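Presented below is the structure to which this report refers.
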Number of protein chains: 4
Amino acid sequence: MEQWMEELLLADGDETKMTEKQAKILEAAIAVFAEKGFASSSTNEIAQRAGVAEGTIFRHYKTKKDLLLSIVAPTLAKFIAPFVLRDFNQIFDAEYNSYEELLRAIIVNRIEFLNKHKRVLKILVQEIPFHPDLQEQMKKFVLAKVLERFGVIIAKFKASGQLADLPVATIVRLTASGIVSYVLLYVYNQSLDKRQKSVQWDEDGEREATIRFIMKGLAP
Amino acid sequence: MEQWMEELLLADGDETKMTEKQAKILEAAIAVFAEKGFASSSTNEIAQRAGVAEGTIFRHYKTKKDLLLSIVAPTLAKFIAPFVLRDFNQIFDAEYNSYEELLRAIIVNRIEFLNKHKRVLKILVQEIPFHPDLQEQMKKFVLAKVLERFGVIIAKFKASGQLADLPVATIVRLTASGIVSYVLLYVYNQSLDKRQKSVQWDEDGEREATIRFIMKGLAP
Amino acid sequence: MEQWMEELLLADGDETKMTEKQAKILEAAIAVFAEKGFASSSTNEIAQRAGVAEGTIFRHYKTKKDLLLSIVAPTLAKFIAPFVLRDFNQIFDAEYNSYEELLRAIIVNRIEFLNKHKRVLKILVQEIPFHPDLQEQMKKFVLAKVLERFGVIIAKFKASGQLADLPVATIVRLTASGIVSYVLLYVYNQSLDKRQKSVQWDEDGEREATIRFIMKGLAP
Amino acid sequence: MEQWMEELLLADGDETKMTEKQAKILEAAIAVFAEKGFASSSTNEIAQRAGVAEGTIFRHYKTKKDLLLSIVAPTLAKFIAPFVLRDFNQIFDAEYNSYEELLRAIIVNRIEFLNKHKRVLKILVQEIPFHPDLQEQMKKFVLAKVLERFGVIIAKFKASGQLADLPVATIVRLTASGIVSYVLLYVYNQSLDKRQKSVQWDEDGEREATIRFIMKGLAP
DNA sequence: GATGAATGAGCTTTCATTCAT
DNA sequence: GATGAATGAAAGCTCATTCAT
């Protein structure tokens, strides 16, 4: 499994295998899928936006669904990468003195990730309910891996008396719900154009409020 | 506006205006839309499941999108009913001695609502990103009304020193994120069949943990 | 099975179930398939010749292959009808004083049949090698039924000393090969236009020669 | 014409003119055409089975039809070789004392030929109805040559009182129909696997029956 | 009101063929 | 010679919508 992961990550990082047109197709497909949803997107429109003949799409991706998966799978892989690949980045390997420090790190890291993969994540979220195979992978890899990895760290903080004595899954759920609500607010803010800045949230204030909320909520 | 609301609510509660066929069409459409998504559903399949001719659908709903809206609108209306219709139900009109009591009332109320409208809510959530008109209504009515109504109550609890001194929107956001994560867990639990009960969450425990989490998190 | 047969035969005889357009589609499909072969025929051309929108074809026949089968199946059924349906016609129920009489009756009957279903039979013969399901049905029903029915009659002629003492299957094979070669000659003759009548065979002469050939060849 | 024939025959026997790839393409094309029919075969599949790039096919054969012809033509040439090329083989050049001897020789020879070229002959038979140019060549060369050559021999046997006084074409037709029905039976037998040997015909018995049938049928 | 046959635009997909490398 | 990416025309098929009955 980890081999498959690493391959996916490399294959995608090392995009030399792709022809120029193929890259354009992917880019166009991401844009169109994110904009209209998978089912409402036509391969014709994708081809046009990619500046490619429609047939070219099907030379690289056997079906439209194949195209979807080839977009969504690598991102899914990258999503769990931090959790399955040792020393992939510093989130879990750095020593954190407090749960708060960890929270801050995660928020920064996830916002960065979200920003980078916004459109693909939108597609993923939209399509998961209709593709049982994606659901399966999500549950099997992502959820399982995240819980497993977090478990170790949270146990440490629980032992040192920084966190309430709740099941790991519960702590993860409550932490995640807080973070997710903040991150969504953050990207929502970004989606507003200049003129609408008046209705924006105060990002810094909300971040601090969120962190304090979680810390207090999970205090022993 | 409130008139329109009341009409919607009545029209739907009092389903005598609908022919039997029309009701069957709605029911079938909800089932199919929830299962496959709006764009991937065919009016043909809806007609078959409803046991009517395809043409009959278009006698009642000018277009396929019309059908979607006539499904989604009443549920949206009911969703905000407690917030816009005085004495529609007891949530806000009862006097709550503590924020915790309010939380418990909301959880019960929302779970009930979600259970009753699960499929339509799924459709709504799926389709909102692709229908700007729905988004507009959502923001204008739902969000605005909910915040407005909540504002009054939260102000009271803040004044009496039960809640931290945070913006109302922030308190709503953090409260909502906690409740949503619990409610989703609750319905997820229900979707598991008997054999999978072993992987279930402990509902009661999670509910209590969630309430305590929110209360502690929002304490002054 | 015989029930299924009778249904097929009736369904086809009683073509009132078909809309006018559907009949036109069948007629056009038979023409085009016979002319170009199944794989080289386009539903587009069939639609045009039928004076129908292309979509109409697929309202009546789910796939192009479905259309093929709905053409070929009834003819296949009619082909074996004389052998499975008692008193369907007079071939086997009349008393034949000699094998020669039987031969003459068959030739007349088969030429008539061939003339009536020339195009469909061409399609059938062309497509059988590529559709194992058709092959199966052919072997199971047609061959089996024909041999069985013939067996009884041939046994009678063998017993009365009119035919050589050969296996029934062998007699059928040799008889059939002779008849087939004559019948093909006959339809080939018809396919020639007036100007080419000079290269025609002498039908009557060939028929008599064929019958004498078979009779002498199978004499005891 | 005979020069063209000889060239064809040599070119194919002496396959040194073909590159290895070209040979593989031909072999693959024969396999695929025989399996699926010409129209249903894709150059893509042929290329894959041949282990070459799709473009390579078109380097050697201008069009897909060209490929078909380059498969079918040499076999057609070989088919008439015994009839047009003096001392090509022994069938007609040996002196036959009886028509029966000739029959036996032809059967052996044709079974051998059929076995060697089974797939190509299947392709040829399948495609002839849809390619008027092939039909033309068939009639002009094959039929004409065969009849002409046979005519001489049959005239001899008629003169010596071994055969009935029928037109040469008729004798050829009746003889051919008998032989063909036997040869088809023979190859059908071969196509059955071990387990099905019980349903086989008795080859030797059928061959003798067929020969006796023809001899008796054509006796004066 | 209800039907369902018919439509035609548009969908995904296939394919023989071309051509720069 | 050989490749395989690219093409675009055409294939089979789907679908929301219309309309005569």
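The structure presented is a predicted model; accordingly, all values stated were derived computationally and were not measured. Lettering of chains follows the sequences in order, A, B, ..., and the numbering in each one begins at 1.
- With E:dG4, F:dG1, E:dT7 as the candidates, the nucleotide lying closest to the side chain of C:Val52 is E:dT7.
- Contacts classified as ring pair (Phe, Tyr, Trp, His ring centres under 6.0 Å) and involving residues 19-75 of chain C (residues at least two apart or in different chains) are given here: C:Phe33-C:Phe38.
- For D:Lys64 (side chain) and D:Ser41 (main-chain N/O), a donor-acceptor pair under 3.5 Å exists by modelled atom type.
- Distance, B:Glu20 CD to E:dA2 C1': 13 Å, rounded to whole Å.
- When rounded to the nearest whole Å, the span between CG of C:Leu67 and P of F:dA11 equals 15 Å.
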| Tell me, for nucleotides 11-21 of chain E in 5' to 3' order, what letter each nucleotide earns: B for a base near a protein heavy atom under 4.0 Å, S for only sugar-phosphate near one, - for neither? | SBBBSBBB---
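- Within 6.0 Å of the NZ atom in A:Lys116, the count of heavy atoms belonging to other residues, nucleotides or ligands does not exceed 12.
- Atom NZ in B:Lys21 sits about 9 Å away from atom C1' in E:dT3, given to the nearest Å.
- In this structure, C:Leu124 and C:Ile71 have side chains that are not in contact, with every pair of non-hydrogen atoms separated by 4.5 Å or more.
- Within the 4.5 Å cutoff, the side chain of A:Leu67 has heavy atoms near those of the A:Leu26 side chain.
- Between D:Gly51 and A:Gly51, it is D:Gly51 whose nearest contact on DNA chain F lies nearer the 5' terminus.
- Under the salt bridge (Lys or Arg N to Asp or Glu O under 4.0 Å) criterion, the residue pairs touching residues 22-45 of chain D are D:Glu20-D:Lys24, D:Glu27-D:Arg119, D:Glu35-D:Arg49, D:Lys36-D:Glu45, D:Glu45-D:Arg49, with sequence neighbours excluded.
- Counting all heavy atoms, side chain and backbone alike, B:Leu68 lies closest to B:Ile123 at CD1-CG2, 3.6 Å.
- Residue B:Ile46 contributes atom CD1, which lies 16 Å from atom P of E:dT3 at whole-angstrom precision.
- Taking atom NE2 on A:His60 and atom C1' on F:dA5, their separation rounds to 6 Å, with Å as the unit.
- Rounded to an integer number of Å, the gap from CD of B:Gln22 to P of E:dT3 is 13 Å.
- For B:Lys118, the side-chain contact (heavy atoms from CB on, under 4.5 Å) partners two or more places apart in sequence, or in a different chain, are B:Asn115, B:Gln190.
- A:His117 meets the ring pair (Phe, Tyr, Trp, His ring centres under 6.0 Å) test with A:Phe113; sequence neighbours excluded.
- If you take CG of C:Asp66 and C1' of F:dT14, they are 15 Å apart, rounded to a whole angstrom.
- Rounded to an integer number of Å, the gap from CD1 of D:Ile25 to C1' of F:dT3 is 12 Å.
- Paired runs in DNA chain E that reach 3 or more consecutive Watson-Crick or G-U pairs, where each pair keeps both distances under 3.5 Å, cover E:2-21 with F:2-21.
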